[in-house]
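To start, the structure under review is shown below, and the notes come after it.
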Amino acid sequence: MLDATAAVASSAPPRDRVPPRVPDVEDIQRGYAHLACEERSVRGTPVRLFTFPHGSTDVARTVVCLPGLGASGRSFAPMEPLAHAHRLLLWTPPLKTPATHTPLQWNLSVLNHPEARLPRRFALMGSSYGSLVSIAYALEHPARVKALVLVSPVASVRRVRRLALTLSTLVRAPRPLAYVFAPTVARVLGGSALPPEARAEIVREARRLSSLELMRRLRDILAADFLHRLGELRVPTLIIEGGRDLLVPPSAARDVAARVPGAALEFLETASHLPYMSHPEAFNARVSDFLARHPD
């Protein structure tokens, strides 16, 4: 028979688990595990697409969200409040790019392929590497993009800190080095306000990628220069930048905003490179207001 102390202990709710420094790839963190995941085969490549279980299904209000260098669509989980009014499709780039294409070329091809089953027109949001893909897509397929949100925008390697960008790949370092580098890199990316679950989720998802694929995506950024073409964009554009971003300096965001006709620029002064994860309330408010003003 259990004594009284043991009985009380057994009935007590479990304490919140402290997120591990380097989680296993299947150890999805609290606040990120409830998303529905659909795997679509596009050009023979599996693509994971995350959605909110009780989110809007209005195709006319679709927002396709493209994550950063080693992230997945799950990283946009803190945007859930927006899912009541918008159909958020949290896209995850293919984990492997064929040798015949660069990752940027392959992502553009996959996004625009009929098998992707995206609406004819949609709003497009991209963060960091995802912003590079978003800019390229909007330039290549302007008729399909009705609004553009660029977070920590990467339009040219001349406007990012190359050393910080290269060091960001250490989030994929092999064990035991991962225990030293990965959490620190995640903290640099997200800033001091990044919750532990978000930091662990960044590390977890990056470890799904091979080192080769991560480096190929990095080469895309190091070869990128769309600055001279930003003036061709003719779509309502919102740029959101963290005032403490160590990868994309605020001056780079100002430069992008100055080159995109009619672009709006919003700074979250205490945020870093991933404001939707570290400052979701402020981030969501700005995106919600922008999308409400540009429904078509």
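At least one side-chain heavy atom of Arg144 sits less than 4.5 Å from a side-chain heavy atom of Leu118. Considering only heavy atoms from C-beta on, His273 stays 4.5 Å or farther from Leu246 through its side chain. Residues Pro153 and Ile240 are not in side-chain contact: their nearest non-hydrogen atoms beyond the backbone lie 4.5 Å or more apart. Using a 4.5 Å cut-off on side-chain heavy atoms (C-beta onward), Leu148 and Leu238 make no contact. Residues Met125 and Ser134 have side chains not in contact (no heavy-atom distance under 4.5 Å, counting atoms from C-beta outward). By the 4.5 Å heavy-atom criterion applied to side chains, Val63 and Phe122 are not counted as neighbours. Between Arg199 and Met277, every side-chain heavy-atom pair lies at or beyond the 4.5 Å cut-off. Side-chain contact check for Phe283 versus Leu268: some heavy-atom pair is nearer than 4.5 Å.
Note on Leu90 and Val59: separate hydrophobic clusters, where clusters join Ile, Leu, Val, Met, Phe, Trp and Tyr whose side-chain heavy atoms are under 4.5 Å apart, directly or indirectly. Linking ILVMFWY side-chain heavy atoms closer than 4.5 Å, directly or via other members, places Trp106 and Leu95 in a single hydrophobic cluster.
The ring-ring contact (aromatic ring centres under 6.0 Å, His included) check on Phe290 picks up His294, with sequence neighbours excluded. Partners of Asp220 by side-chain hydrogen bond (donor to acceptor under 3.5 Å, both in side chains), not counting sequence neighbours, listed by chain and number: Tyr129. Shown here are the side-chain hydrogen bond (donor to acceptor under 3.5 Å, both in side chains) partners of Tyr32, two or more places apart in sequence or in another chain: there are none.
Taking the six-membered ring for Trp, His141 and Tyr137 have ring centres closer than 6.0 Å.
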Subject >> Audit row: Arg43, Ser109, side-chain hydrogen bond (donor to acceptor under 3.5 Å, both in side chains) steps and yes/no >> reply: CA-CA 9 Å; Arg43 297 197 62 185; Ser109 176; 2.5 Å; yes
Subject >> side-chain hydrogen bond (donor to acceptor under 3.5 Å, both in side chains) assessment of Arg87 paired with Thr57 >> reply: CA-CA 5 Å; Arg87 178 179 178 243; Thr57 58; over 6 Å; no
Original post:
What do the steps show when you test Ser75 against Tyr276 for side chain to side chain contact (heavy atoms under 4.5 Å, CB included), and what is the final call?
Top reply: CA-CA 8 Å; Ser75 63; Tyr276 48 93; 4.0 Å; yes
**OP:** Kindly determine whether Ser56 and His86 satisfy side chain to side chain contact (heavy atoms under 4.5 Å, CB included), including the steps that lead there.
**Re:** CA-CA 6 Å; Ser56 171; His86 303 279; 5.7 Å; no
Original post:
Checking side chain to side chain contact (heavy atoms under 4.5 Å, CB included) for the pair Leu66/Ser127: CA distance, chi angles, key distance, verdict?
Top reply: CA-CA 6 Å; Leu66 308 181; Ser127 171; over 6 Å; no
**OP:** Just do the side chain to side chain contact (heavy atoms under 4.5 Å, CB included) check on Leu194 and Ile202 with the steps written out, would you?
**Re:** CA-CA 11 Å; Leu194 190 71; Ile202 293 171; 3.8 Å; yes
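Checked for salt-bridge contact, Glu38 and Arg117 meet the test: a charged N lies under 4.0 Å from a carboxylate O. Between Lys96 and Glu213 there is no salt bridge, since none of the side-chain N atoms of the basic residue sits less than 4.0 Å from a carboxylate O of the acidic one. Between Glu197 and Arg204 no salt bridge is recorded (no basic side-chain N to carboxylate O distance below 4.0 Å).
Put simply, the side chain of Asp24 never gets that close to the backbone of Glu26: no donor and acceptor are under 3.5 Å apart. Not one N or O on the side chain of Asp289 forms a donor-acceptor pair closer than 3.5 Å with the backbone of Ala285. Of the possible polar contacts, one joining the Gln29 side chain to the Asp27 backbone as a donor-acceptor pair under 3.5 Å is found. Remark: the backbone N or O of Ala271 is not paired with any side-chain donor or acceptor of Arg244 at under 3.5 angstrom.
The line from CG of Leu35 to CZ of Arg48 is 11.0 Å long, rounded to the nearest 0.5 Å. Between the SG atom of Cys65 and the CZ atom of Phe76 there is a distance of 5.0 Å, given to the nearest 0.5 Å. Atoms CZ and CD1, from Arg74 and Ile28 in turn, are 3.5 Å apart once rounded to the nearest 0.5 Å. Distance CE/Met79 to OG/Ser288: 10.0 Å, rounded to 0.5 Å. In this structure, the separation between CG on Leu82 and CZ on Phe52 is 8.0 Å, given to the nearest 0.5 Å. Taking CG of Leu104 as the reference point, atom CZ of Arg216 lies at 11.5 Å (rounded to 0.5 Å).
Pairing each heavy atom of Gly190 with each of Ser278, the nearest pair is O-CB, 3.6 Å. Nearest heavy-atom pair across Pro67 and Gly73 is CG-N, 4.0 Å. Nearest approach of Ser152 to Ser272, heavy atoms of both residues: OG-O, 4.4 Å. For the pair Pro94 and Arg217, the tightest heavy-atom approach, listed with the atom from each and the gap, is O-NH2, 2.8 Å. Taking both residues in full, the closest heavy atoms of Arg259 and Asp255 are given as NE-OD1, 2.8 Å, listed atom of the first, atom of the second, then distance. Smallest separation of non-hydrogen atoms from Thr237 and Leu150: CG2-CD1, 4.2 Å.
With Ile135 as the fixed residue, the side chain to side chain contact (heavy atoms under 4.5 Å, CB included) test singles out one of Leu139, Leu132, Val133: Leu139. Residue Val235 forms a side chain to side chain contact (heavy atoms under 4.5 Å, CB included) with just one option from Leu124, Val260, Val145, and that option is Val145.
Around CD of Glu39, the count of heavy atoms belonging to other residues, nucleotides or ligands within 6.0 Å exceeds 12. In the displayed structure, His54 atom NE2 is contacted under 6.0 Å by at most 12 heavy atoms of other residues, nucleotides or ligands.
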